[in-house]
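Below: the structure, in structure tokens.
For this chain, numbers begin at 1 and follow the sequence in order.
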Amino acid sequence: MKLNTIKRAGRSHFIDMGPIRLRQPFPTEHIEMIDPFVLLHHYGPYEISETNNPFDLGPHPHRGFEPVTFLVQGEQLHRDSLGNESVVKAGDVQWTTAGRGIIHAEGPTKDFVKKGGTLEGIQLWLNLPSEKKMIEANYQHATHKEFNVITSEDGKVETRIIAGELNNAFGRIGTQTAVNAFMIDAKAGGEQSVSYSNSHHGLLYLLKGKVIVNDVEALELDKNQLMEFQQDGEGFSIKAEADSTLLFLSGEPIDESVATYGPYVMNSQTELLEAMRDFQMGKMGFLPAN
């Protein structure tokens, strides 16, 4: 397999969003977005308790994209204006298609807050093309055990197929665009190669540990944690130097203008104003605070 060359590697700096301190590998001043991926937040690990619970996000709207949560540790409650209510546990994924509009709320469950524990996850914003920005909203929740898993020849690397396809194994999540999302758990010494279409923009994000990518460059916690690939090969390889967890994402670039404001991702400023108006008029539904 011809390996994709590395376009760039970057750090995952901390930012403050109100009471929440989290990592934001993009957007940054150097990486505005990696089309079709608009934003990636790595939140936690937080020690949650009855006296410390900053990650309780009340009802808020979205339009024009797909907010996706990969929960790594802990337990969250999801509620939305479609009437969905589900408990998302470690290893689960919730994939919301905001489309024309949805209101949702998420945060640690009451039981989890009461007993205490560690909360960690990834929040991804996946863009929708203009012809799909106003489709009906939808919500998918898939549990850890529902995903197909590819195990490396050495038995030390497990690749969980969230969405898309790898080695004729398919993801549990149905997608609106051509996207791959794989969660990779590698034990120290493990090696694995991952293939994907060179029509995709591909990126690899390290949540913990240390790996060598394509035998040439390292991803390591608190150093470079994000790697973006050129579209000149058939995939990438990793060698784990420590027990590691990574998220691989790839997708067909949409190549359209992007306008963002708060919780909306549209194509123009006019569409953003329309989204704000529609939310205020109740056209995105209703969700009580509690």
Side-chain angles (χ1 to χ4, degrees), residues 1-6 9-12 22-23 25 40-47 68-76 88-93 117-124 142-173 179-196 202-229 233-250:
M1 180 176 73
K2 181 184 178 184
L3 300 176
N4 293 65
T5 55
I6 296 167
R11 297 177 70 90
S12 186
L22 49 74
R23 296 179 187 269
L40 196 152
H41 280 162
H42 176 192
Y43 60 90
Y46 307 124
E47 293 307 313
V68 181
T69 299
F70 305 86
L71 194 62
V72 179
Q73 300 184 74
E75 191 174 278
Q76 292 180 189
V88 183
K89 298 186 177 182
D92 293 3
V93 173
T118 304
L119 183 72
E120 180 181 13
I122 295 286
Q123 171 86 176
L124 172 73
T143 66
H144 180 78
K145 294 180 179 179
E146 292 181 275
F147 299 117
N148 288 317
V149 178
I150 302 293
T151 303
S152 61
E153 289 185 8
D154 60 19
K156 293 183 176 182
V157 183
E158 291 187 345
T159 302
R160 191 161 277 99
I161 316 301
I162 310 298
E165 182 267 337
L166 177 64
N167 301 349
N168 294 315
F170 292 86
R172 176 72 175 77
I173 298 292
V179 174
N180 291 314
F182 309 152
M183 191 65 76
I184 303 170
D185 287 301
K187 295 179 180 177
E191 300 184 19
Q192 178 68 299
S193 295
V194 175
S195 61
Y196 67 98
L203 66 96
L204 192 60
Y205 180 76
L206 181 97
L207 287 87
K208 73 171 186 178
K210 181 180 180 181
V211 300
I212 306 299
V213 182
N214 293 355
D215 291 321
V216 295
E217 193 158 354
L219 288 179
E220 186 174 1
L221 189 67
D222 294 323
K223 296 185 179 179
N224 282 338
Q225 288 180 236
L226 175 75
M227 193 165 284
E228 183 183 0
F229 297 104
E234 300 167 319
F236 64 93
S237 68
I238 60 167
K239 293 181 180 178
E241 295 199 344
D243 290 354
S244 303
T245 300
L246 306 103
L247 174 64
F248 171 72
L249 299 167
S250 78

Under 3.5 Å, sequence neighbours excluded: what are the donor-acceptor pairs made by side chains of residues 180-195?
residue: Asn180; atom: OD1; partner: Glu165; partner atom: N; Å: 3.0
residue: Asn180; atom: ND2; partner: Ser250; partner atom: OG; Å: 3.0
residue: Asp185; atom: OD1; partner: Thr245; partner atom: OG1; Å: 3.0

So, taking the atom named [atom1] in [X] and the one named [atom2] in [Y], what distance separates them when rounded to the nearest 0.5 Å?
{"X": "Arg160", "Y": "Asn148", "atom1": "CZ", "atom2": "CG", "result": "10.0 Å"}
{"X": "Leu71", "Y": "Tyr43", "atom1": "CG", "atom2": "OH", "result": "5.0 Å"}
{"X": "Leu206", "Y": "Asp222", "atom1": "CG", "atom2": "CG", "result": "10.0 Å"}
{"X": "Leu247", "Y": "Phe70", "atom1": "CG", "atom2": "CZ", "result": "5.0 Å"}
{"X": "Ile161", "Y": "Leu166", "atom1": "CD1", "atom2": "CG", "result": "4.5 Å"}
{"X": "Gln225", "Y": "Arg23", "atom1": "CD", "atom2": "CZ", "result": "4.5 Å"}

Taking all atoms of both residues into account, what is the closest heavy-atom pair of [X] and [Y], and its distance?
{"X": "Asp154", "Y": "Val157", "value": "OD1-N, 4.0 Å"}
{"X": "Val149", "Y": "Glu158", "value": "CG1-CB, 3.8 Å"}
{"X": "Gly91", "Y": "Phe147", "value": "O-CE1, 3.7 Å"}

request  = Output, in order, the C-alpha distance, side-chain angles, deciding distance and verdict of side chain to side chain contact (heavy atoms under 4.5 Å, CB included) for Leu22 and Gln123.
outcome  = CA-CA 10 Å; Leu22 49 74; Gln123 171 86 176; over 6 Å; no

key: Passing option when Leu119 is tested against Glu75, Glu47, Gln73, Gln76 for side chain to side chain contact (heavy atoms under 4.5 Å, CB included)   =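 Of the listed options, the one satisfying the test is Gln76.
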
ask   = Quick one: which of Leu124, Leu226, Val72, Leu207 gives a side chain to side chain contact (heavy atoms under 4.5 Å, CB included) with His42?
value =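 With His42 as partner, side chain to side chain contact (heavy atoms under 4.5 Å, CB included) holds for just one option, Leu207.
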
Side chain to side chain contact (heavy atoms under 4.5 Å, CB included) evaluation trace for Leu249 with Leu40 = CA-CA 11 Å; Leu249 299 167; Leu40 196 152; 4.0 Å; yes

query = Do Ile238 and Leu204 have side-chain heavy atoms sitting under 4.5 Å apart?
reply =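 When only atoms from C-beta onward are counted, Leu204 and Ile238 do touch, with a gap below 4.5 Å.
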
message = If the condition is ring pair (Phe, Tyr, Trp, His ring centres under 6.0 Å), which residues does Tyr196 pass it with, not counting sequence neighbours?
response =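 For Tyr196, the residues satisfying ring pair (Phe, Tyr, Trp, His ring centres under 6.0 Å) (neighbours in sequence not counted) are Phe248.
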
task = Could you walk me through whether Val93 and Val88 pass side chain to side chain contact (heavy atoms under 4.5 Å, CB included), step by step?
result = CA-CA 7 Å; Val93 173; Val88 183; over 6 Å; no

Tabulate below the donor-acceptor pairs under 3.5 Å that side-chain atoms of residues 208-219 make, not counting sequence neighbours, or state none.
residue: Lys210; atom: NZ; partner: Glu241; partner atom: OE1; Å: 3.3
residue: Asn214; atom: OD1; partner: Ser237; partner atom: N; Å: 2.9
residue: Asn214; atom: ND2; partner: Asn4; partner atom: O; Å: 2.8
residue: Asp215; atom: OD1; partner: Lys239; partner atom: NZ; Å: 3.0

task = List the steps, then state whether side chain to side chain contact (heavy atoms under 4.5 Å, CB included) holds for Leu203 with Phe229.
result = CA-CA 6 Å; Leu203 66 96; Phe229 297 104; 5.7 Å; no

